[in-house]
Participant: 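Mind having a look at this structure? Questions to follow.
By convention in this document, chain letters (A, B, ...) are assigned in the order of the sequence lines, proteins followed by strands, and residues within each chain are numbered from 1.
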2 protein chains.
Amino acid sequence: MHRIPVDEYVAIVANHLRDALAPRTETVALGKALGRVTVAQVLSPVDLPLFRNSQMDGFAVRARDVASPPVTLPIAGIIAAGAAEPTSLPAGAAMQIMTGAVIPEGSDAVVPVEDTTSTGATVTVLKSRAQGEFVREAGSDARIGDTLLPAGLTLAPRHLAVLAAAGIASVDVRALPRIAVVTTGAELIAPGVEPLLGQLFDANGVALAALVESSGAVVSALVRNDDDVVASLDLALREAAVDTDLILTSGGISMGEFEVVRELLEPLGATVGTIAMQPGGPQLLGAFHGIPVIGFPGNPVSTQISFEVLVAPLLRAAAGRAPAEKRHHTVETAIDSVPGKRQFLRGRITDGNAVSIVSGPGSHLVAGLAASDVLIDIPAETTRVEAGDTVETWTL
Amino acid sequence: MHRIPVDEYVAIVANHLRDALAPRTETVALGKALGRVTVAQVLSPVDLPLFRNSQMDGFAVRARDVASPPVTLPIAGIIAAGAAEPTSLPAGAAMQIMTGAVIPEGSDAVVPVEDTTSTGATVTVLKSRAQGEFVREAGSDARIGDTLLPAGLTLAPRHLAVLAAAGIASVDVRALPRIAVVTTGAELIAPGVEPLLGQLFDANGVALAALVESSGAVVSALVRNDDDVVASLDLALREAAVDTDLILTSGGISMGEFEVVRELLEPLGATVGTIAMQPGGPQLLGAFHGIPVIGFPGNPVSTQISFEVLVAPLLRAAAGRAPAEKRHHTVETAIDSVPGKRQFLRGRITDGNAVSIVSGPGSHLVAGLAASDVLIDIPAETTRVEAGDTVETWTL
């Protein structure tokens, strides 16, 4: 049997999904933009601050009028923060002013309230202030046309804050890939239901949806197709194909008698290949009404590891995220490996540098996978790893 | 003026919020549980696999019947995956079986379909199989009562998968703190509106909501109170106090004439302190109808840094997350610092180890904060840092 090498199949999948996962832009409100990635630099449409304003609660003065304190000046008015008509500071006077309020025409300094005493009609300034002190000039933080944010930036709270401060209510970000998940198998039932003999709780729907989400994409649909009737899978895929970039399926692609995904999609041009990989050997690649379909085998460990190896790297790249961390560890016990298949064994880091095998290689061992920290990547040509040898691990 | 040291005030805030942020448990569906933290270990309510099933598409046999291949056996039936009555393998026969289907009583091995040829009525087995081969025993992955997940675990896709596989539809996780954000100031308008002279776009609502979210809590309400009328703030806080653990406010706590948060909350027992910190000196601590209130100053850089210093560490701890990363860097230019105040300056990492100052110390410089990577933490007693000296930074 010809087995396609894993790296070759990874490239085939990447090519198959190139258009579907090509960068798209969407505009989102600031309240939804945390963690999203900018597609272009954002220029300021305004000066920041918008207008010349006071840094302190105190008195707007002319600096030269308070050069030799103490000086007592008449109070010509009070300026609160908020919408205001322009005001002008009469010669030889002070105006009471609040933090953030518009500096009156003619004033060039603010004396903080703690450096004054006031009768209500007059203020005595106890300390001189230089020109410009406690005055925030318009544009002193950013000027119209300045770059507020670069392209390719992952938006953190402080980035959203400056957009808001500049009056920008929404931002162009990279769209998240929309992925539909369709699990198949006449044996599948929802968690929480009482199983009959032969029925299985569907772990793949929950797992694939969570994998999609944790790879920086969104789940556009999650459908369980629990019979072996081709017409019913056709309906499920029609449902899944709405507003989606990619459909992932689990199950129904193997060599049995009731392989519903193959039955529906092979006549539409899908191919089933055998990949030199364990778990996850059989894989389907096709399309449904123009939407690419990647079909994983139905065993839950196969499904999860297939996603990690074939799809997660593409989604992480599309979301501008780093790929899964790969490290090197020494194995605690020897490993025999099937020749010609790249093995992804489940491992747990036992101290900083050693890794031990968790559970077995069986693709149904979901508890074993849950108990592991890493996948241990054994190359196809390796048949034995000795205790103490170094292996590459993928951090889960 | 007595200034409260930052560390002392951090402890006061932590104490004030102890009950509000005490761990609570909530039960969430698996589809909402990604990234949440388990509060107790989860034991398996079932054996996994639930029943003895086939690992392969092939033929269920007795191992001793196929010990000397080739052997031709009559096919006594076909067993698909899915709900099924128990079946029994007649002596000297084989039954066709699909992956995941119930192994018939009497069978102790499965021969994969690729190691057979079949006429439809009979199957010729070309390769012997040992007892137990390709048979997944019930409970071979986990047994009833086994620990599937430990307490305190951050739920990843593989953890949700094993819960689903065991038929568990929901999980007890640490509840997320619910935080209401109320921004105040007669000058505030929403981003996107055309400002009049003296009006400011509200950056604090967007910033605090994003900071709450990125600290692992949820925003229970986001209210802008854009006038200086105490009765209207009272209404805003009543709205914010519903189903919430903590109310954060910005603005209205300073020394000006129109300090609406002070005016409402001081008569209810709130205190306003001056913290030995820049930016963010004035701070309010109080309660409203039994819900604790932390009142930040209104300048947007003060608000954001106050949150980082006073509240984010508590929320991160409540969410089981690590505190913000603190590192050491050498400064590129000398820094003069106000004695008696701990300064949080904005910095940018220029190469692996050096940090340069970005923008100025002014608490209105939102573009400067957006352009920075780190806060540079200058202790209160330090008045000057020389170029090349080491400083502590907080990664933003």
Participant: Taking atom CG of A:Leu160 and atom OG of B:Ser214, what is their separation to the nearest 0.5 Å?
Facilitator: 9.5 Å
Participant: So which atom in A:Gly368 and which in B:Asp141 form the shortest heavy-atom distance, rounded to 0.1 Å?
Facilitator: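 Nearest pair, atom of A:Gly368 first, then B:Asp141: N-OD1, 3.2 Å.
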Participant: Please classify the contact of B:Gln96 with chain A as side chain, backbone, both or neither, using a heavy-atom distance under 4.5 Å.
Facilitator: side chain
Participant: Do A:Leu365 and B:Arg136 touch side chain to side chain, with heavy atoms closer than 4.5 Å?
Facilitator: no
Participant: Tell me, do A:Asp57 and B:Glu259 make a side-chain contact under 4.5 Å, heavy atoms counted?
Facilitator: yes
Participant: Given that the side chain runs from C-beta out, which part of B:Pro150 has a heavy atom under 4.5 Å from chain A: side chain, backbone, both or neither?
Facilitator: neither
Participant: Where along residues 195-203 of chain A does a heavy atom come under 4.5 Å of chain B, listed by residue number?
Facilitator: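 Within residues 195-203 of chain A, the residues that come under 4.5 Å of chain B (heavy atoms only) are A:Pro195, A:Leu196, A:Leu197, A:Gly198, A:Gln199, A:Leu200, A:Phe201, A:Asp202, A:Ala203.
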Participant: Would you mind checking which part of B:Ala80 comes under 4.5 Å of any heavy atom in chain A, side chain (CB onward), backbone (N, CA, C, O), both or neither?
Facilitator: both
Participant: Where on A:Pro45 is there a heavy atom nearer than 4.5 Å to chain B: the side chain, the backbone, both, or neither?
Facilitator: neither
Participant: For the residue pair A:Ala210 and B:Leu34, what are the closest heavy atoms and their distance?
Facilitator: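 Distance-wise, the nearest heavy atoms are O-CD2, 3.6 Å.
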Participant: Side chain, backbone, both or neither: which part of B:Val366 has a heavy atom under 4.5 Å from chain A?
Facilitator: both
Participant: Please look at B:Asp146 and chain A and tell me whether the side chain, the backbone, both or neither of the residue comes under 4.5 angstrom of a heavy atom of that chain.
Facilitator: neither
Participant: For each of B:Arg52, B:Glu194, B:His364, B:Gln304, tally heavy-atom pairs with chain A at distances under 4.5 Å, and name the one with the top tally.
Facilitator: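 Max contact count across the listed options: B:His364.
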Participant: For the pair A:Arg158 (side chain) and B:Ala207 (backbone), establish whether a donor and an acceptor sit closer than 3.5 Å, ignoring hydrogens and angles.
Facilitator: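 Not confirmed, A:Arg158 side chain does not pair with B:Ala207 backbone.
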Participant: Using heavy-atom distances under 4.5 Å, tell me whether A:Ser140 contacts chain B through its side chain, its backbone, both, or neither.
Facilitator: both
Participant: A:Leu208, A:Leu50, A:Val219: which one forms the most heavy-atom pairs within less than 4.5 Å of chain B?
Facilitator: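 Looking at each of A:Leu208, A:Leu50, A:Val219 in turn, A:Leu50 comes out on top.
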Participant: Would you mind telling me which of A:Thr303, A:Ile97, A:Thr99, A:Asn299 has the largest number of heavy-atom pairs within less than 4.5 Å of chain B?
Facilitator: A:Asn299
Participant: If you count heavy-atom pairs under 4.5 Å between each of A:Gly298, A:Gly360, A:Ala84 and chain B, which one has the most?
Facilitator: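 It is A:Ala84.
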Participant: For B:Ala165, is it the side chain, the backbone, both, or neither that has a heavy atom closer than 4.5 Å to a heavy atom of chain A?
Facilitator: both
Participant: Which region of B:Ser44, side chain (C-beta onward) or backbone (N, CA, C, O), has a non-hydrogen atom less than 4.5 Å from a non-hydrogen atom of chain A, or is it both or neither?
Facilitator: neither
Participant: Counting heavy-atom pairs closer than 4.5 Å to chain A, which one of B:Ala166, B:Gly205, B:Ser363 comes out on top?
Facilitator: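 So the answer, after comparing B:Ala166, B:Gly205, B:Ser363, is B:Ala166.
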Participant: Heavy-atom cut-off 4.5 Å, strictly under: side chain, backbone, both or neither for B:Ala83 against chain A?
Facilitator: both
Participant: For the residue pair B:Val206 and A:Ala161, what are the closest heavy atoms and their distance?
Facilitator: CG1-N, 4.4 Å
Participant: Tell me, for B:Pro49 versus chain A, whether the close heavy atoms (under 4.5 Å) come from the side chain, the backbone, both or neither.
Facilitator: side chain
Participant: What pairs with A:Asp47 under salt bridge (charged side-chain N to carboxylate O under 4.0 Å, His left out), at least two apart in sequence or on another chain?
Facilitator: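 In terms of salt bridge (charged side-chain N to carboxylate O under 4.0 Å, His left out), with neighbours along the sequence ignored, A:Asp47 is linked to A:Arg143.
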Participant: Sort by residue number and list every residue of residues 183-191 of chain B having at least one heavy atom under 4.5 Å from chain A.
Facilitator: B:Ala186, B:Glu187, B:Pro191
Participant: Which atoms of B:Ala101 come close to chain A, meaning under 4.5 Å heavy atom to heavy atom: side chain ones, backbone ones, both, or neither?
Facilitator: neither
Participant: So which part of A:Ala371 gets closer than 4.5 Å to some heavy atom of chain B, the side chain, the backbone, both or neither?
Facilitator: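 Neither; nothing under 4.5 Å.
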Participant: Using side chain to side chain contact (heavy atoms under 4.5 Å, CB included) as the criterion, list what pairs up with B:Ser170, not counting sequence neighbours.
Facilitator: B:Thr27
Participant: Quick one: which of B:Leu396, B:Val113, B:Asn204, B:Val46 has the most heavy-atom pairs under 4.5 Å with chain A, could you say?
Facilitator: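 Looking at each of B:Leu396, B:Val113, B:Asn204, B:Val46 in turn, B:Leu396 comes out on top.
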Participant: Minimum heavy-atom separation for B:Leu148 and A:Ala367, please, with both atom names.
Facilitator: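 Reported closest heavy-atom pair: CD2-CB, 4.2 Å.
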